[in-house]
2 protein chains.
Amino acid sequence: MAGQVQRQTGVALWRQIADRIRQAISAGAYDETGMVPPEMTLAVQFGVNRHTVRSALAALAQEGIVRAVQGRGTLIERKERLNFPISKRTRFNSGIGEQARETRGLLLDHGEEQANDEVARWLKLAPGTKVIRLETVRKADGRPVSSATSWFPAARFAGMPDAYETTESITRAFAELGLSDYIRATTEITAAHAEAADLSALELTPGAIVLITKAMNTDLDGVPVQYSVTRFAADRVQFTIEN
Amino acid sequence: MAGQVQRQTGVALWRQIADRIRQAISAGAYDETGMVPPEMTLAVQFGVNRHTVRSALAALAQEGIVRAVQGRGTLIERKERLNFPISKRTRFNSGIGEQARETRGLLLDHGEEQANDEVARWLKLAPGTKVIRLETVRKADGRPVSSATSWFPAARFAGMPDAYETTESITRAFAELGLSDYIRATTEITAAHAEAADLSALELTPGAIVLITKAMNTDLDGVPVQYSVTRFAADRVQFTIEN
DNA sequence: AATAATTTGTACGTATGTATC
DNA sequence: GGATACATACGTACAAATTAT
């Protein structure tokens, strides 16, 4: 874990250090012992006071990533980074597969509305066409992984909200509505700092990073059936593209 | 640009606001006027004092993204987000294509070394096999877009450093060394906060986000020819996967 | 079993940065 | 610009829990 922390930059040292330790845990740097190095060791390593390291570890403890035990050390509680394959057959549930014991898809909100320019362009509809909007959060083993807003052509998928709520899966909801198969046509990936809405939806701490995908699915004839903007907790996932 | 800023989180308000304005510029939110809204408007929007907005704009001016003119307002100087397609035929230069007037690839450092476990696994070599390492920075219109560390099997591509330095392109360097075509086999994408090395290499400010790809290219027979870890300035690029 | 060493937890004081008014 | 309040970071000291000798 090379590289020093930066002073007087608007980002507190304890937060920079927390981010670095979280990353190191995720990368398996402390797998041998299952614990973080002692506070004094980290303090020397980062060139800061022990209290600054303590602030960083307190933040990680708050996230449930580590647990400090007096006299023993700071144990690593959770260390996950789900791999999310992106391909023609991209599906959330089968993609996560055996990486989590349990996956859930929760419907937070839904509605029927008129497609704005962005949605219309992706779904290849005329602006103003009626679309169904779904707000969902997907969890793996109880931890939120992503929150998504999806749009579907209303004429074809009016029953989407009900179908999703009962099946907790886009794939199965499509099947219920008569679409047995679909294809991931395009995926756009960007990254940004978490916004207020992300913090609660994904149980993040401020300053965290979200990976944002904008994706379009089509049926087997190439007709768009879904456009989604999905926000992932960046320290819990990685994407893999296999060609 | 919805969502309030977060207080007492280890990230200064002025930095959060700078990040949000940078993002908004990148997304084209102020394209109509070519300027950022007045400081008081932004102050009300974010729910902070005008001085705090001024700190944020000063940081953006330092980056060369905006320029404040007394009596007129704060003009937008630069606004780019390069699209980077990822496919079987992923190549940096043709991928950027007409999005930039000029692209360059600079060789910072190189060497011959023994493959560590990670490199060996991706290149499907025995650990310890000799490999060529290249440290490069790629620029579009003078702005650094990505910094990469690449490894090549030394037995096959010993001339890589020289070939890259003269051609400034992996594709053309491969061609010089007798490999006329290659395929992007796998790409892994994650995101993290910029480290000290990123700040200088990519001309970033602390707290910025980097998108990290780990990618493997093969020849037409499926034999690995290159493994690269590339770090992109997240607010200057987006990835697109077309299936 | 007793003691020392290690490691986290708590407390107080000081200086500087951040943000408001 | 100046005054005020709070957050951040450092320094030091000692207490409490666990592990090593």
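Letters go in sequence order (proteins before strands), and every chain restarts at 1.
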#### Entry: Distance in angstrom units between A:Arg54 CZ and C:dC12 P, rounded
15 Å
### Task
Please check the phosphate of D:dG11 (OP1 and OP2 only) for any side-chain N or O of A:Asn49 closer than 4.0 Å.
yes
## Note on the structure
For nucleotides 14-21 of chain D, 5' to 3', base contacts (B), sugar-phosphate-only contacts (S) and non-contacts (-) with protein non-hydrogen atoms under 4.0 Å give --BBBS--
### No-hydrogen, no-angle side-chain donor-acceptor test under 3.5 Å, B:Glu135 and B:Thr149
yes
### Task
In whole angstrom, give the distance that lies between atom CG of A:Leu75 and atom C1' of C:dT8.
11 Å
### Query
With sequence neighbours left out, what residues match A:Thr52 under side-chain hydrogen bond (donor to acceptor under 3.5 Å, both in side chains)?
none
### Query
Is it true that A:Phe239 and A:Phe232 have ring centroids separated by less than 6.0 Å?
yes
### Task
Verify whether one side chain among B:Ser228 and B:Gln226 offers a donor that lies under 3.5 Å from an acceptor in the other.
yes
### Message
Could you check whether the side chain of A:His51 and the base of D:dT12 have a donor-acceptor pair of N or O atoms closer than 3.5 Å, going by distance alone?
### Response
yes
### Task
Using atom CD of A:Glu39 as one end and atom P of D:dA9 as the other, report the distance to the nearest whole Å.
16 Å
### Query
To the nearest Å, how far apart are B:Gln16 CD and C:dT18 P?
13 Å
#### Entry: A:Thr74 side chain, from C-beta outward: closest of D:dG11, C:dT8, C:dT20
C:dT8
### Message
Going by ring-ring contact (aromatic ring centres under 6.0 Å, His included), name the pairs with one or both residues in residues 103-150 of chain B, residues two or more places apart or in two chains.
### Response
B:Trp122-B:Tyr227
### Query
Which heavy atom in A:Met35 sits nearest to a heavy atom in A:Gly73, and how many Å separate them?
CE-CA, 3.4 Å
### Query
Just how far, in rounded Å, is P of C:dC21 from CE of B:Met40?
11 Å
### Summary
When every non-hydrogen atom of A:Ala56 is compared with those of A:Ile17, the smallest separation belongs to CB-CG2, 3.7 Å
### Task
Rounded to the nearest angstrom, tell me the gap between atom CH2 in B:Trp14 and atom P in C:dT18.
7 Å
### Most 5' of A:Met35 and B:Ser55 on DNA chain C, judged by nearest nucleotide
A:Met35
## Note on the structure
Ranking C:dT10, C:dA19, C:dT20 by distance to the side chain of B:Val48, first place goes to C:dT20
